[in-house]
Amino acid sequence: MAITPLMPVYPRCGVRPVRGEGCYLIGERGERYLDFAAGIAVNALGHSNAHLIGAIQKQAATLMHVSNLYGSPQGEHFAQRLVDATFADTVFFTNSGAEAVECAIKTARRYHYAQGRPERHTLITFANAFHGRTLGTISATNQPKMRDGFEPLLPGFQVVPFNDLAAAEAAIDEETAGFLVEPVQGEGGMTPSTPEFLKGLRALADRHGLLLVLDEVQCGYGRTGAFFAHEHYGITPDIMAVAKGIGGGFPLGACLATEKAAQGMVIGTHGSTYGGNPLAMAAGEAVLDVILEPGFLQNVTRTGERLRQALEQMIPNHEAIFEDVRGLGLMQGIKLKVDNRAFVAHLRNNHGLLTVAAGDNVVRVLPPLIIDESHIAECVEKLSAGARDFTVPEPA
Ligand SMILES: *Cc1c(COP(=O)(O)O)cnc(C)c1O
């Protein structure tokens, strides 16, 4: 057999982490990495956070899983806290981001069905979006590498250019259910929505009786310095998908909605065996405890600004390598003039710095939300050193 026991869908690199300590990962041979990838925006509290570990250990020893056929004091408590802290009136818990987006799509379609307008089943989505890897969520993007060979995909999505309000407006017809959009595109290249665009989508949704569905799986949960990225734009969605940072490393996602938008999601319309089980709720509550501590998000804003300044100062010193910086808070992307994947590998192999490649030849800088000045300095040192000794790889 030539195939590996792990289905070979990932280009796995030589880093083989066995332990994590705060902002560092330790590999099999004891080597240390500064982790500015954070599990792709997942390890919001870094690695080995004592409060998160304690909560999971305690709950694991008390009650790990029961069916959603039973009452959930744990789920009710966590959902209430999310409702209190956001635009939402109700929450469905999932195990991943793609499932949270699936729930958001279903909630949007079902709203119009409940309104007696079942023909409004199409979500307008945006070029280079990433919403996950299920059949539904790959149908919502136009990225060929995610779609090729998986046809037939689901109907009910229409892709238009990102940050192009006129294109979004022109796409509205009698079948439109609403818009599905990342306030800051992550995978696609760390591009924030312009204020005119996101506010404009909100206004279009209101004017046409459509729903604004936000995918804050990557940009939400404190990543940009606000609890959710849409707060920077002064708007609220009708439905929102959340995951990644919400569990701090425990598999957890959520679909949040207003009472109005969730009116179709009645008994029997949706479900999940694991979704919202007591163990996941304990992990989620522990992460939320930290994120909502007074000063935590202000600190993310402050370190985000420092990181941004440090990156901007570094760029002119290495003009052959770096083009520009984009992003919000601790969700920053550096656009490169050399191949981003080769540079990410170079940083990892030769400088002990973990980052993630994204679309548009961008390197994603996604540290844990708990970094301080010393980690920023170390990151910029490694980036600069990496830029100095990077040699363009020979074509294979
Ligand atoms: C990661 C991501 C998803 C998918 O989350 P999974 O947990 O991998 O299913 C969806 N949307 C966005 C914006 C993401 O960054």
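If you read the sequence from its start, that first residue is 1, and numbering goes on from there.
Here His121 and His112 keep their ring centres 6.0 angstrom or further from each other. Annotation: Tyr33 is not in aromatic contact with Tyr24 [ring centroid separation under 6.0 Å not met]. His65 and Tyr274 have their aromatic ring centers within a separation under 6.0 angstrom.
A donor-acceptor pair is defined here as one N or O able to donate and one able to accept, closer than 3.5 Å; such a pair exists between the side chain of Arg223 and the backbone of Leu330. A donor-acceptor distance shorter than 3.5 angstrom exists from the side chain of Asn68 to the backbone of Gly275, with no hydrogens or angles considered. Of the possible polar contacts, one joining the Asn349 side chain to the Ala345 backbone as a donor-acceptor pair under 3.5 Å is found. When atom types are taken as modelled, the side chain of Arg202 and the backbone of Thr236 share a donor-acceptor pair closer than 3.5 angstrom. In this structure, Glu373 contributes its side chain and Thr303 its backbone to no donor-acceptor pair below 3.5 Å. Thr176 contributes no side-chain N or O that, together with a main-chain N or O of Gly178, makes up a donor-acceptor pair within less than 3.5 Å. Using a distance-only test at 3.5 Å, with no hydrogens or angles considered, a donor-acceptor pair links the side chain of Asn361 to the main chain of Leu336. One N or O on the side chain of Asn142 and one on the backbone of Asn128 form a donor-acceptor pair closer than 3.5 Å. Between the Asp35 side chain and the Leu25 main chain, no donor and acceptor come within less than 3.5 Å of each other. In this structure a side-chain-to-backbone donor-acceptor pair under 3.5 Å is present from Asp89 to Glu259.
The hydrophobic clustering, which links ILVMFWY residues whose side-chain heavy atoms are closer than 4.5 Å, places Leu165 and Ile172 together. Residues Met190 and Val181 share a hydrophobic cluster, clusters being chains of Ile/Leu/Val/Met/Phe/Trp/Tyr side chains in contact below 4.5 Å. Note on Phe92 and Val217: separate hydrophobic clusters, where clusters join Ile, Leu, Val, Met, Phe, Trp and Tyr whose side-chain heavy atoms are under 4.5 Å apart, directly or indirectly. Cluster annotation: Leu82 is connected to Met281 through the hydrophobic network of ILVMFWY side chains, with a link wherever side-chain heavy atoms come within less than 4.5 Å. In the hydrophobic clustering of this structure, Phe197 does not group with Leu180; members are Ile, Leu, Val, Met, Phe, Trp, Tyr whose side-chain heavy atoms approach within less than 4.5 Å, directly or through other members.
Counted by atom type alone, Gln332 and Arg326 present zero donor-acceptor pairs between their side chains at under 3.5 Å. Side-chain contact check for Ser96 and Glu99: at least one donor-acceptor pair (N or O, by modelled atom type) lies under 3.5 Å. Checking Tyr113 against Gln115 by side-chain atom types alone, no donor-acceptor pair falls below 3.5 Å.
We find that Glu169 and Arg207 are joined by a salt bridge, their nearest charged nitrogen and carboxylate oxygen being less than 4.0 Å apart. In summary, Asp173 and Arg120 do not engage in a salt bridge, as defined by a charged side-chain N under 4.0 Å from a carboxylate O. Using a 4.0 Å cut-off between charged nitrogen and carboxylate oxygen, Arg32 and Glu21 count as a salt-bridge pair. Salt-bridge check for Arg302 with Asp372: failed, with every basic side-chain N at 4.0 Å or more from each acidic carboxylate O. Of the charged side-chain nitrogens involved, none lies within less than 4.0 Å of a carboxylate oxygen, so that Glu319 and Lys337 do not count as a salt-bridged pair. With respect to the salt-bridge test (charged N to carboxylate O, under 4.0 angstrom), the residues Glu102 and Lys106 do not qualify. With respect to Lys335 and Asp360, a salt bridge is recorded, a charged nitrogen being found less than 4.0 Å from a carboxylate O.
Phe93 and Phe78 have parallel rings, their planes meeting at less than 30° on a 0 to 90° scale where 60° marks the start of perpendicular. A parallel orientation is assigned to the rings of Phe228 and His230, their planes being inclined by less than 30° (bins at 30° and 60°).
Counting heavy atoms of neighbouring residues, nucleotides and ligands inside a 6.0 Å radius, atom NE2 of His208 exceeds 12 of them. Counting non-hydrogen atoms of other residues, nucleotides and ligands closer than 6.0 Å to CZ of Arg147 gives a total above 12. The environment of Phe87 atom CZ is dense: over 12 non-hydrogen atoms of other residues, nucleotides or ligands sit within 6.0 angstrom.
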Step-by-step ring pair (Phe, Tyr, Trp, His ring centres under 6.0 Å) determination, Phe390 to Phe343 | CA-CA 7 Å; Phe390 180 73; Phe343 193 68; 5.3 Å; yes

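When all heavy atoms are compared, the tightest approach of Leu366 to Ala38 is O-CB, 3.2 Å. Shortest non-hydrogen contact noted between Gln263 and Tyr111 is NE2-CE1, 3.3 Å. Nearest heavy-atom pair across Phe130 and Glu187 is CB-CB, 3.3 Å.
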